[in-house]
2 protein chains.
Amino acid sequence: MRRPTIIDVAREAGVSKSTVSLVLQESPAVRSQTREAVRAVMASLGYVYNRNAANLRSSKIGLIGLVINDLRNPFFAEFATSLQMALAARGYATVISNTDEDAGLQAQVVASMIEHGVTAVVISPAFGQEEATFAPLKAAGLPVLQVLRKVDAGAFPFAAPDYRRGGLLAAEHLVERGARRIAFVGGLEGRAVTVERMAGYLSCLAAHGLTPLVLPGRASRAFGREAARRLASDHPDVDAAICFNDLVALGLLSGCAELGRKVGPEFRVVGFDDIEECAQSFPALTSVHCDIAGFGAEVAATVLAWLEDGTLPLPEVHTPVRLIVRASSGGVE
Amino acid sequence: MRRPTIIDVAREAGVSKSTVSLVLQESPAVRSQTREAVRAVMASLGYVYNRNAANLRSSKIGLIGLVINDLRNPFFAEFATSLQMALAARGYATVISNTDEDAGLQAQVVASMIEHGVTAVVISPAFGQEEATFAPLKAAGLPVLQVLRKVDAGAFPFAAPDYRRGGLLAAEHLVERGARRIAFVGGLEGRAVTVERMAGYLSCLAAHGLTPLVLPGRASRAFGREAARRLASDHPDVDAAICFNDLVALGLLSGCAELGRKVGPEFRVVGFDDIEECAQSFPALTSVHCDIAGFGAEVAATVLAWLEDGTLPLPEVHTPVRLIVRASSGGVE
DNA sequence: CAACATTATTGGAACGGTCCAAATCTGACA
DNA sequence: TGTCAGATTTGGACCGTTCCAATAATGTTG
């Protein structure tokens with residue numbers, strides 16, 4: 001029960017395999033009558049195109065690799081999903097790999113993707129062992145787009161939302177609302193994303209002569225909950241918090257609910273990323289909107305332009321962000 | 001700057017391409033000295049295995065297709081991630097496609113996967129147009145595993161957590177705790193998953209002479225929130241709710257918080273799936289634990305056993321579930 | 001050291017497409 | 001009706017691997 005090949009189709013249709021190939025490629029050279037006849041035979045035989053065979057001769061495989069550091073995080077899941085769907089709409093398939101922040105695993109899955117002949121790679125990298133991942137990509141000469149986090153400056157074009165500005169918007173909003181002791185909660189120290197997201201916060205506080213307070217930690221709900229306790233016990237004077245991301249912020253909300261601490265004008269909380277849940281939580285979470293779905297679609301467009309028209313992407317892109325004000329920071333005035 | 005092939009390696013190492021091929025396949029037939037020499041040349045030339053070419057001759061491509069109806073839902077994201085990682089650990093790459101419940105899109109991505117030569121497909125299908133998706137899979141003669149939702153009984157082996165039993169456990173727990181007016185919230189009417197999850201609930205209520213109350217709806221946080229309002233206004237006598245899934249339940253918690261309605265012994269809420277967030281919400285959410293990560297790993301093992309040893313999966317598998325009792329249903333007694 | 005078993009290695013035909021130069025077919029026009 | 005340009009179609013080499021039968025190298029033994 002072998003899959004029929006173009007040769008079977010050709011025999012059945014009474015033409016040569018070259019003609020069948022031309023039909024497959026929608027070549028205008030074949031007579032429409034012939035085209036229809038061949039198409040009919042294909043349908044009746046249940047012919048399926050074999051991309052691997054085609055790729056052997058001319059690399060047009062239409063497979064794109066997507067490497068994600070944490071696919072269970074809704075922010076990355078949303079990004080991966082919107083990117084994958086935008087690619088699918090243009091006929092590309094996507095090999096997705098989660099690395100769980102494991103640089104060794106990342107190097108392995110990237111190697112596997114190269115073996116499978118992906119035509120481009122989009123990667124939100126884990127930290128550490130940059131060479132093990134990036135050297136093979138460089139050697140393969142593939143178009144590679146580094147997104148969401150920059151671990152290897154200059155090696156490959158980079159795109160992400162404008163984290164720095166997001167942090168600034170959040171801090172300015174809180175100061176404007178009257179907060180005077182603003183903490184920055186979550187985010188592992190020293191990492192590029194943390195540094196960026198914190199930079200706007202720090203500069204805003206400096207500009208207003210306020211003292212920063214940083215509680216670094218994992219970007220998880222669990223840490224957010226713990227932070228709520230720590231803030232209440234160790235820093236009761238803190239009247240607002242900017243969280244590294246929404247998971248931390250939502251954990252913080254949950255922790256406050258548990259402690260009976262009211263969130264709103266009394267204690268303002270701002271998240272980062274604006275995942276879908278922000279609008280559904282109670283109180284609804286003010287957050288820096290990164291339009292990650294739009295960002296995913298934009299990344300897809302960038303990759304496809306690179307692949308199909310040879311348009312090189314800009315070395316570094318920061319997409320605009322905006323603050324969505326909801327009840328957790330005191331609401332719209 | 002062409003990628004080197006086994007022929008280049010062979011020439012450089014002074015052996016035939018067949019020998020290089022044998023080295024690649026870890027054949028015990030090659031002398032270890034030769035093997036080392038060949039390996040050294042590969043490394044120095046930066047040789048990368050071309051799976052497409054290999055696949056042309058013998059189908060061992062190591063690519064598995066995964067089709068998911070809603071990848072943004074944490075439940076499915078967790079499943080996809082754990083399955084993908086288990087496959088990666090065994091050297092397989094995974095092409096993932098989200099369909100957003102669109103059967104037409106699903107048929108399209110499945111066709112694309114077949115073209116790409118996936119060796120097996122795992123699918124959590126969208127509802128509708130079963131033939132468009134399943135007929136090509138059948139025609140391709142691929143191993144296909146239907147998971148999490150059954151839309152096409154009998155066509156392909158099916159595996160899912162034991163939803164029916166989960167519903168039963170949840171209902172029994174609530175009755176035991178003294179709830180007398182128990183609602184079932186969320187889930188689209190008539191769909192297999194809804195029917196299954198509701199069946200245990202209905203039979204338990206019937207056994208205790210209680211009247212069921214069903215509020216069907218989308219499986220989203222937004223619907224859960226709305227349900228909180230509807231329950232409070234239209235059905236004030238309801239003292240407990242079993243939700244179609246955790247998203248609905250978490251939305252319900254959020255809606256109750258907004259209404260100032262206390263969740264716990266006064267109004268018990270149970271979710272379904274036990275996503276990570278359940279333990280972090282306030283109050284912590286009692287939920288039917290499906291061990292979706294373990295389920296993903298198990299599905300991976302099933303597929304690989306099918307592929308590698310020819311072990312046929314059982315036509316229908318229901319993995320065990322258990323109820324995790326937390327504060328939202330009154331907590332551990 | 002001949003004879004044979006065993007172990008290593010090899011050439012060449014697949015696999016299913018693409019691509020190109022060459023062959024064939026058309027219809028228009030002199 | 002012969003000629004020719006343009007439109008169609010075609011044969012065959014090629015892409016990078018696997019696989020198999022055949023050959024070559026090596027070791028063992030009487």
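Proteins come first, then strands; the chains are lettered A, B, ... in the order of their sequence lines, and each starts at number 1. In this text the structure is predicted, and so the values were computed from the model without any measurement.
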Is the distance from OP1 or OP2 of D:dT10 to the nearest side-chain N or O of A:S18 less than 4.0 Å?
no
Is the shortest side-chain N/O distance from A:S21 to OP1 or OP2 of C:dT18 below 4.0 Å?
yes
Assign each of B:A53 and B:S32 the nucleotide of DNA chain C bearing its closest heavy atom; nearer the 5' end lies the nucleotide of B:S32
Parallel, tilted or perpendicular, as decided by the 30° and 60° cut-offs, for the rings of B:F295 and B:F79
tilted
Donor-acceptor pair present, B:R57 side chain and D:dC19 base, under 3.5 Å
no
Mind checking if A:V20 touches a base, just sugar-phosphate, or nothing, with heavy atoms under 4.0 Å?
nothing
Which part of the nucleic acid does B:T5 contact within heavy-atom distance under 4.0 Å: base, sugar-phosphate only, or nothing?
sugar-phosphate
For A:I7, report the nucleic acid contact type (base, sugar-phosphate, nothing); a contact means any heavy atom under 4.0 Å.
nothing
Side chains of B:L307 and B:I64: closer than 4.5 Å at any heavy-atom pair?
yes
Angle class for the B:F134/B:F156 ring planes (parallel below 30°, perpendicular above 60°, tilted otherwise)?
tilted
5' priority, DNA chain D, between A:K17 and A:R35 [closest heavy atom]
A:R35
Round to the nearest Å and state the distance from A:R11 atom CZ to D:dG11 atom P.
14 Å
Can you check the B:M42 CE to D:dG16 P distance for me, whole Å?
15 Å
B:Y49 OH to D:dT18 C1', in whole Å, measures 8 Å
Go through C:dG17, D:dT10, C:dG16 for me and flag the one nearest to the A:T19 side chain.
D:dT10
Calculate the interatomic distance between B:N52 atom CG and C:dG17 atom P; express it in whole Å.
13 Å
For atom CZ of A:R31 and atom C1' of C:dC25, their distance in whole Å:
9 Å
Atom-to-atom span, CG of A:L56 to C1' of C:dT18 - whole angstrom:
10 Å
Rounded to the nearest Å, what distance is computed from the CZ atom of residue A:R3 to the P atom of nucleotide C:dG16?
9 Å
Below 4.0 angstrom from OP1 or OP2 of C:dA8, is there any side-chain N or O of B:Q33?
no
Students often get this wrong, so: under 4.0 angstrom with heavy atoms, is B:V38 touching a base, only sugar-phosphate, or nothing?
nothing
How long is the span from the CZ atom in A:R51 to the CG atom in A:L56, to the nearest 0.5 Å?
15.0 Å
So do B:H116 and B:V95 actually touch side chain to side chain, heavy atoms under 4.5 Å?
no
Measure CD1/A:I6 against P/D:dG12 and give the value in whole Å, please.
15 Å
